[in-house]
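Take a look at the structure set out below.
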Amino acid sequence: MRTGILAVMENSSLESICYKDHKLRVLNQLLLPSQLEYEEITSVRDGWESIRQMKVRGAPCIAIVGCLSLAVELANHTPTSREETVSFISQQLDYLVSARPTAVNMKRAADSIKSLMEEMIRDNPDITAQQLCQRVIQEAESMLLSDVKCNKSIGQHGAQHIKQRCKPGKQTVMTHCNTGSLATAGYGTALGVIRALHASDDLDHVFCTETRPYNQGARLTAFELVHDHIPSSLITDSMAAFTMIKKGVTAVVVGADRVVANGDTANKIGTYQLALCAKHHDIPFYVACPFTSCDFNLASGDSIVIEERPAKEMMSVNGVQIAAEGIGIWNPAFDVTPGSLITGGIITEFGVFKPSELQEQLTKLLPA
C-alpha cells in the first residue's frame, strides 16, 4: 500500500505553480519528497527569494514564477505616472533575472516584456500606466497557459525521434536532474519525452541520477516517476557509465537552461560527463528544451555565465555535515556540454535539430 504524499496525490496532477485571480502559490520543492507545502508569493521579492533559494527551479518554471510574481505585485500596485510605471516594471524584471543568471528563460521573458511596453507606447502614445500594467499581467499569465502545450509538443517530437533513431522495441532512457512537471508549468521537457514514450508503450525503463549536490533527481524526478507509475530506478551520479553498459541504455535525454548559437548547452552540473559517457558507448544524447531556452546572442558555451552556489550545499545533507571542516569547496551549479557531444539532437517544440543547425532552422520557422 502506498503511503505518505504519493498516496494523497494518487489521483492528482503534479503542479509546481498554482495561480488564480492574481494570487500565486508555489510548491516548495526543497521539502519534497517528505512534505507537500505550497507557499504564497505576494511580491517580486518573494518570487526572487523562492527562485534563489531553489524552492522553485527549472528554467521554464523560473521564468513563469518570476513573471507571475510581477503580475501579483502589479495587480496590487497603484501606478503613478506612465514613466514611473515603466521604470518600476523594468527594474523589477532586472532584479528577477539576477536570482539565477545561468538560466536564460527569465532574461528572455524580461526582454520580451520590456519590448512589449515599448511597442505599446509607440503604437498608442496616450496609453495609461494602468493599461500598461494590465497588459503586462496578461502577458505573464499567457506564459503559464502556453508552457504545457509547448512541453507536450517537445515530448511528442522527442519520443518519435528516439523511436526512429534508437534500437527497435522499447527504450531504456537515462535522465539527469529534474525536467518534469516540477520544473515547468506541467508535463516537462526531457521528462516530457519520457512521459510520451511511456504513454505510447515504447518505454522499458528509466534510470534517473540522484543529481548531487542538491539531489533534484532523487527528491523530484524519482517522485514524479513513481507518481506516474513509470518503471524506473534511481542511481548515484557515479553509476551512470556502468549503468549505460550493463543496463542497455538506448538514449540519454536531459534538459537545458541555455543553448547558444553553436549548440553548446548549459545544464545541471554532471550533464557534461553524461554526454562524454554516452559518446563512448555510442548512445544518442539528447537535449530537450523550449525555444525560450535558446540564446543565440552568445556564440559559444565559453560565454555562458555559470552560477556558483554556496559551499554549505555541499557541506551537509539534510542538516547533517558530511564534509571535513576546513576543506575548500567549489560548487558550480551548471556545466557546459559542447554541441558536438549532443549526438541525438536538440528537441524543441518545433522539432529535433542538430546542434550546429539549430539557429538556422529555428530562424526559418519563427516569425521575423
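- In summary, D264 and R258 do not engage in a salt bridge, as defined by a charged side-chain N under 4.0 Å from a carboxylate O.
- Side-chain N or O atoms of T102 include none that pairs as donor or acceptor with a backbone N or O of R100 at under 3.5 Å.
- For the pair V86 and I121, the minimum side-chain heavy-atom distance is below 4.5 Å.
- For the pair T175 (side chain) and C208 (backbone), a donor-acceptor distance under 3.5 Å is absent.
- No side-chain heavy atom of E139 sits less than 4.5 Å from a side-chain heavy atom of C67.
- In this structure, R219 contributes its side chain and Q29 its backbone to a donor-acceptor pair below 3.5 Å.
- Remark: the backbone N or O of L191 is paired with a side-chain donor or acceptor of T179 at under 3.5 angstrom.
- A donor-acceptor contact under 3.5 angstrom links the side chains of R45 and Y95, judged on distance only.
- Between the side chains of T250 and Q171, at least one donor N or O sits under 3.5 Å from an acceptor N or O.
- Between E37 and N28, the side chains place no donor N or O within less than 3.5 Å of an acceptor N or O (distance only, hydrogens not considered).
- A salt bridge links R52 to E307: at least one charged side-chain nitrogen sits closer than 4.0 Å to a carboxylate oxygen.
- Under the 3.5 Å distance criterion, with hydrogens and angles disregarded, a donor-acceptor pair is assigned to the side chains of N178 and R57.
- In the model, S69 has no side-chain atom that pairs as donor or acceptor with a side-chain atom of W48 under 3.5 Å.
- For the side-chain contact (heavy atoms from CB on, under 4.5 Å) with L132, the qualifying choice from L74, N124, I127 is I127, the only one to do so.
- M54 and L96 are members of different hydrophobic clusters when ILVMFWY side chains are connected at heavy-atom separations under 4.5 Å.
- At distances below 3.5 Å, not a single donor-acceptor pair connects side-chain atoms of E313 with backbone N or O atoms of Y214.
- No donor-acceptor distance shorter than 3.5 angstrom exists from the side chain of S112 to the backbone of R108, with no hydrogens or angles considered.
- Not one N or O on the side chain of S87 forms a donor-acceptor pair closer than 3.5 Å with the backbone of E83.
- Cluster membership check: L30 does not share its hydrophobic cluster with L27, using side-chain heavy-atom separations under 4.5 Å among Ile, Leu, Val, Met, Phe, Trp and Tyr.
- Partner of C61 under the side-chain contact (heavy atoms from CB on, under 4.5 Å) criterion, chosen from N105, T184, I17, I51: I17.
- The shortest side-chain heavy-atom distance between Y286 and I162 falls under the 4.5 Å cut-off.
- Between the side chain of E349 and the backbone N or O of F291, at least one donor-acceptor pair lies under 3.5 Å.
- The aromatic rings of H205 and F207 are tilted relative to each other, their planes meeting at an angle between 30° and 60°.
- In this structure, I154 is not a member of the same hydrophobic cluster as V148, with clusters built from ILVMFWY side-chain heavy atoms closer than 4.5 Å.
- Taking the charged nitrogens against the carboxylate oxygens, E118 and K114 have no contact shorter than 4.0 Å, which rules out a salt bridge.
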